Amino acid sequence: KCFPKLHSCFQRKLGISTAAMKTETTNKKDEIEPKGGVKSFYTVQEERMEQAERSVLISCPSKTNEKKFMKYLSRHGDINKCFFYESYGTYAVVEFAHKESLTSLHQGTAIPSVNHEAAVPFKSRLLSLKNTGSLDQSSGQSAPLCQPQTTVPMNDLILRLSNESSIDQQISSLTEMHQLTEENVCLRYLVCSLLKDIAAAYFPECKVRPFGSSVNGFGKLGCDLDMFLDLDGISGRSLKKLKAGFSLEYQTKRSASERAVTQSILSVIGECVDQFGPGCVGVQKILQARCPLVRFAHQPSGFQCDLTANNRVAMKSTELLYLCGGLDWRVRCLVFGVRCWARSHSITSSIPGAWITNFSLTVMVLFFLQRRTIPILPTLDYLKELAGPLDKCVIDGNDCTFVSDVSKIRLQDNTETLEQLLQEFFEFYGSFAFNRMSINIRKGREQNKSDVSPLHIQNPFDASLNVSKNVNATQLERFVGLCRESAWMLQQREFNAPPANGAAGGTKAPWGLAALLSPSVSQAAGVKSRRGKKREPASERIKSLLESLKDQGGKATSLGAGK
Ligand code: GTP
Ligand code: MG
């Protein structure tokens, strides 16, 4: 099939359909039960990486005839999948059924000769389709159907959410709009595979794996692409020496530490990406960071990329988040809702600093779900107990073992709605004893803080580390203040149910989640007020909130009408 339907790969993998997400909570029971046969993170990743190896990325003239394009390419072999998207021009991702097709394709592909410039003769899988005349001249030529790779703007999002009929539907809808599409995930794996081709010039057996939100189930369209240069699988590393007799080993350069080796590898690969990597621009080597990385923009995909090496623990936390997201459909929905809420009020930011990161925020949601009276998520210690011999994993002396087979996990029957969970999330963190307690998802309960950081979230795989060490008191205060205001808002009749009548154009003023996302709400609700400052009485605040929402609704309506 040329154009697969727009489903998140994650939903499909887990058998969660969009329609299923919208059914009544009581019907969710079946989905809450663990499912046999769900693929492990590692299996999914290997399959996707193999698909990416058989794929190419082709820049096309904007009015390329899809049929002729497919016919032209299928001379090299069967095509499994093909889709188009726009990013600085029109691009096509083409996945062949067999790897041999690429050999044939490469044989028929020319290295360009350019006037007044010279080309680096690096044969990558990023190609350009040139039209020498006859192919696309037929009349009535139209542009190919392009798959969206970005999310809807905030104003449109608020508008769309306001038209839903319950907060549960609002949260599900937000998840559907924000989550990565099947095509976007394919593109992310393909970019990793293109990077692997560059690194493979030095390390032919290397792999480049995506990690973080691109693959943990919590990624939003447009999120960065975190990549891990994996050299662990290089053969010879695990070769056992014979007790007696001859044996051979490689002579190698040596450095003072693992970190120094990682830095030198990333420095060289970063240089290659910069000098030889087509489409890779703005390459920065950030080698002195706690986790050394090479950062660049991959223009053809539009992804901001971070390439790291020797970062296996991040791979493990990605796997843990993936597992948690697959255990209960509400986990991902709540994380999407909370992340979006936090971003809309600048609680999180794309700029590094004293802000709470998306990763920390996600761990906070997981912790909250472990703390329900009937827990929705199990503790990491429980997941470790269920681990089989193949799951054993120790990284830098830290035991990172946990089960990979989801079907072994038994969950209790919690039937809370997303609305209840969102409300309680705000109440939970609006009154959490951050001054004394640390958040610990390994134990699934708060523990006394071991340091003075305002926010302490224990690294699940290294008890001595705090994943939110960067957060300062001001940012934590803003988060707590906003949680309280949001909890309060969701208790008000004016906000927790759709208004009876829409505005003239049929558009409703923001309510529920849409109201929580409206920037004017936090201002009107006095979130920015400092501690000790006397608040307006609730009735006054409701009045100003309603005023601000009316304004919002008016603006939103005119926006919608203009379309
Ligand atoms: P967004 O990029 O914001 O969408 O989320 P992300 O989860 O990808 O976060 P980010 O790109 O900052 O980091 C990528 C991954 O690195 C995360 O998913 C984690 O697995 C890991 N990571 C990030 N920050 C930390 C941290 O402070 N401690 C640990 N242990 N892992 C982290
Ligand atoms: Mg990321």
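Since we're looking at a predicted model, the values are computed, not measured. Heads up: numbering here begins at 1 and tracks the sequence. The figures here come from the full heavy-atom set of this structure, side chains too, leaving out hydrogens, waters and symmetry mates. Every number for a ligand or one of its atoms is a count from 1 in the order of the listing.
D224 OD1, 2.8 Å is the protein heavy atom nearest to atom 2 (O) of ligand 1. The protein non-hydrogen atom at the shortest distance from atom 16 (O) of ligand 1 is F211 CE1, 3.5 Å. Here the heavy atom of the protein found nearest to atom 29 (C) of ligand 1 is F359 CE2, 3.7 Å. In this structure, atom 20 (O) of ligand 1 lies nearest to the protein heavy atom S317 OG, 3.1 Å. Counting protein heavy atoms only, atom 18 (O) of ligand 1 is closest to G212 CA, 3.3 Å.
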Start with the C-alpha gap between K285 and E271, add the side-chain angles, then the distance that decides, and say whether salt bridge (charged side-chain N to carboxylate O under 4.0 Å, His left out) holds. CA-CA 9 Å; K285 295 188 215 168; E271 204 53 42; 2.7 Å; yes
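Side-chain atoms of D462 do not come within 3.5 Å of backbone N or O of N398 as any donor-acceptor pair. For R125 (side chain) and L190 (main-chain N/O), no donor-acceptor pair under 3.5 Å exists by modelled atom type. At distances below 3.5 Å, not a single donor-acceptor pair connects side-chain atoms of Q299 with backbone N or O atoms of G279.
With a 4.0 Å cut-off on non-hydrogen atoms, F461 does not touch ligand 1 at all. Counting heavy atoms closer than 4.0 Å to ligand 1, residue C223 contributes side-chain atoms (C-beta onward) but none from N, CA, C or O. Residue V467 touches ligand 1 through backbone and side chain together, judged by heavy-atom distances below 4.0 Å.
Under a 4.0 Å heavy-atom criterion, T318 is in contact with ligand 1. Ligand 1 has at least one atom lying under 4.0 Å from a heavy atom of R339. Using a 4.0 Å cutoff on heavy atoms, N459 counts as a contact of ligand 1.
In terms of distance to the Mg ion (ligand 2), the nearest N, O or S atom of D226 is named OD2. Sorting the N, O or S atoms of D224 by how far they are from the Mg ion (ligand 2) puts OD1 first.
Cation-pi check for R312 over F228 is not met; the charged atom does not lie both under 6.0 angstrom from the ring centroid and within 45 degrees of its normal. Stacking of K316 on the aromatic ring of F402 is recorded, both the 6.0 Å distance cut-off and the 45° axial limit being met.
Nearest to atom 5 (O) of ligand 1 by heavy atom, out of S213, G222, A314, is S213. Ranked by closest heavy atom to atom 13 (O) of ligand 1, the top entry among D226, V313, L320 is D226.
We find that R372 and E424 are joined by a salt bridge, their nearest charged nitrogen and carboxylate oxygen being less than 4.0 Å apart.
Not a single N, O or S atom of D306, from either the backbone or the side chain, sits less than 2.8 Å from the Mg ion (ligand 2).
Polar contact with ligand 1: absent for R290 (N/O pair, distance under 3.5 Å).
Between the side chains of S264 and S267, no donor-acceptor pair is found at a separation under 3.5 Å. With 3.5 Å as the limit, one finds no donor-acceptor pair spanning the side chains of T348 and R343.
Of all atoms in ligand 1, listed by their number and element, those nearer than 4.0 Å to a heavy atom of N358 are 1 (P), 3 (O), 4 (O), 5 (O).
Applying the side-chain contact (heavy atoms from CB on, under 4.5 Å) test between F218 and each of L321, L180, T175 identifies L321 as the sole match.
To the nearest 0.5 angstrom, S438 atom OG is 8.0 Å from F367 atom CZ.
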